[in-house]
Amino acid sequence: MSENTQVATQNTGSVAQKPKTFDVALMEKLESVNDALPKDFNKQRFVQNTLALIHDNPKLMEYKQSEIMSGLMKGATLGLDFFNKEAYLVPYGSQLNYQTDYRGAKKLAKKYSIRPIKDIYAKLVREGDEFEEVIENGEQGINFKPKTFNDGKIIGAFAVCLFADGGLIYDTMSIADLENTRKSSKASNSPAWKNFTGEMYKKTVLHRLCKHIELDFENPTQQSNFIAGMEIETDVSEIAHREIAENENSQPFEVVADVEAKEEPSFVTEG
């Protein structure tokens, strides 16, 4: 040991280590919950897409690193991609709220339904569209003919699940039903409802439909995170109970590691 190194060790007790960058911390967090992740989950791609997400949404870095991690882990256990808008980290005041998008709900229903699904989707009904519920030979069904490029007022929404065996289930909600759900939500004025109203309407009716689909997840963590992520009536007070005491960043954190300090290539985003 050199004299300089000896002096540094004696004065500080240990050699100072550079704080972990976000990509390294995220990968370590994924490794720590490996048993709760889907069997086909690609950790490296998830990290890469998360860096792209943060690059496109720099305001996310205003929140505690532990709070971002908490939301990301909920999506990761379900195998959802935030960058591809299957799930969201939605700012709500001083908190960050995890939300499963209707795209993510569709993906999970098709993947984990005990009864194989051919297709599942939600649609908005606008003024000028043709929509009717029918009963033919004792079987319920719907007829929907949307007006081309219709951007008229939303008057309702519906969700349909087509099973591989030819069966069908569906659910409908009028605009009054949708708005009643919104008003009863503790996050009715959140950015999700304000900026993505149509998407939230579709999520609402798809959520109701999914309650009638029997899903078989790989582990209990997925089950609980699916229910929490699909819940419309978000209790904001519960967000404060997240694991904010873990790995809190008192200083702004780096998103990408110093390439020279890593033995393996780091994930970088295009500027």
Side-chain angles (χ1 to χ4, degrees), residues 38 75 78-82 84-88 90 98-185 188 192-193 195-218 222-223 225-234:
L78 292 170
L80 300 181
D81 191 315
F82 289 83
N84 290 328
K85 300 181 180 180
E86 294 173 350
Y88 292 101
V90 182
Y98 170 80
Q99 291 273 347
T100 298
D101 186 71
Y102 85 96
R103 300 176 187 85
K106 286 171 54 179
K107 177 179 178 178
L108 295 172
K110 293 178 75 171
K111 183 175 183 178
Y112 293 110
S113 175
I114 292 178
R115 186 180 178 187
I117 293 174
K118 180 180 180 181
D119 198 10
I120 182 171
Y121 56 87
K123 296 286 186 181
L124 299 175
V125 181
R126 298 178 181 272
E127 288 183 344
D129 295 339
E130 295 181 17
F131 179 85
E132 64 174 348
E133 296 186 68
V134 298
I135 298 178
E136 295 181 0
N137 300 320
E139 296 290 334
Q140 288 185 313
I142 57 175
N143 289 327
F144 179 55
K145 186 177 180 180
K147 181 180 177 181
T148 304
F149 302 124
N150 191 1
D151 60 356
K153 181 180 178 181
I154 298 172
I155 59 175
F158 68 93
V160 175
C161 179
L162 300 172
F163 293 104
D165 58 16
L168 174 150
I169 60 173
Y170 71 92
D171 201 351
T172 64
M173 296 182 72
S174 67
I175 190 64
D177 293 333
L178 293 166
E179 279 300 307
N180 282 337
T181 300
R182 176 179 183 172
K183 290 174 183 177
S184 64
S185 169
S188 60
W193 276 110
N195 302 327
F196 307 100
T197 307
E199 302 301 301
M200 291 298 286
Y201 284 161
K202 288 192 283 187
K203 174 184 172 179
T204 301
V205 69
L206 192 67
H207 174 213
R208 289 212 325 187
L209 181 67
C210 283
K211 291 180 178 179
H212 303 290
I213 302 173
E214 189 173 1
L215 305 179
D216 183 21
F217 289 99
E218 297 173 27
Q222 289 180 324
Q223 178 78 30
N225 285 343
F226 173 75
I227 294 173
M230 288 294 290
E231 185 57 59
I232 300 299
E233 296 185 18
T234 303

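These numbers come from a predicted model, not from an experiment. Starting from 1, each residue takes its place in the sequence as its number. Values reported hereafter were calculated over all heavy atoms of this structure, with side chains retained and with hydrogens, waters and symmetry mates removed.
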Pair Tyr98-Thr100, side-chain donor/acceptor within less than 3.5 Å: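 Thr100 and Tyr98 do have a side-chain donor-acceptor pair below 3.5 Å.
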So, using ring-ring contact (aromatic ring centres under 6.0 Å, His included) as the criterion, who are the partners of [X] when residues are at least two apart?
X: Phe217; result: Tyr112, Phe226
X: Tyr88; result: Phe196
X: Phe144; result: Phe158

Is any side-chain heavy atom of [X] less than 4.5 Å from a side-chain heavy atom of [Y]?
X: Leu209; Y: Ile169; value: yes
X: Leu78; Y: Leu108; value: yes
X: Ile213; Y: Cys161; value: yes
X: Leu168; Y: Val160; value: yes

Mind checking what makes salt bridge (Lys or Arg N to Asp or Glu O under 4.0 Å) contact with [X], not counting sequence neighbours?
X: Glu86; answer: Lys107
X: Lys106; answer: none
X: Lys147; answer: none

For [range], pull every pair meeting salt bridge (Lys or Arg N to Asp or Glu O under 4.0 Å), keeping only residues two or more places apart or in separate chains.
range: residues 151-164; result: none
range: residues 155-180; result: Arg115-Asp165, Asp171-Arg208, Glu179-Arg182
range: residues 130-139; result: none
range: residues 120-129; result: none

Residues in side-chain contact (heavy atoms from CB on, under 4.5 Å) contact with Asn180, at least two apart in sequence or another chain: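 In terms of side-chain contact (heavy atoms from CB on, under 4.5 Å), with neighbours along the sequence ignored, Asn180 is linked to no residue.
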Those residues that, when tested against Ala122, pass side-chain contact (heavy atoms from CB on, under 4.5 Å) (two or more places apart):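 Ala159, Lys202, Val205, Leu206.
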Side chain Ser113, main chain Lys110, donor-acceptor under 3.5 Å: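 Checking the backbone N and O of Lys110 against the side chain of Ser113, no donor-acceptor pair under 3.5 Å is found.
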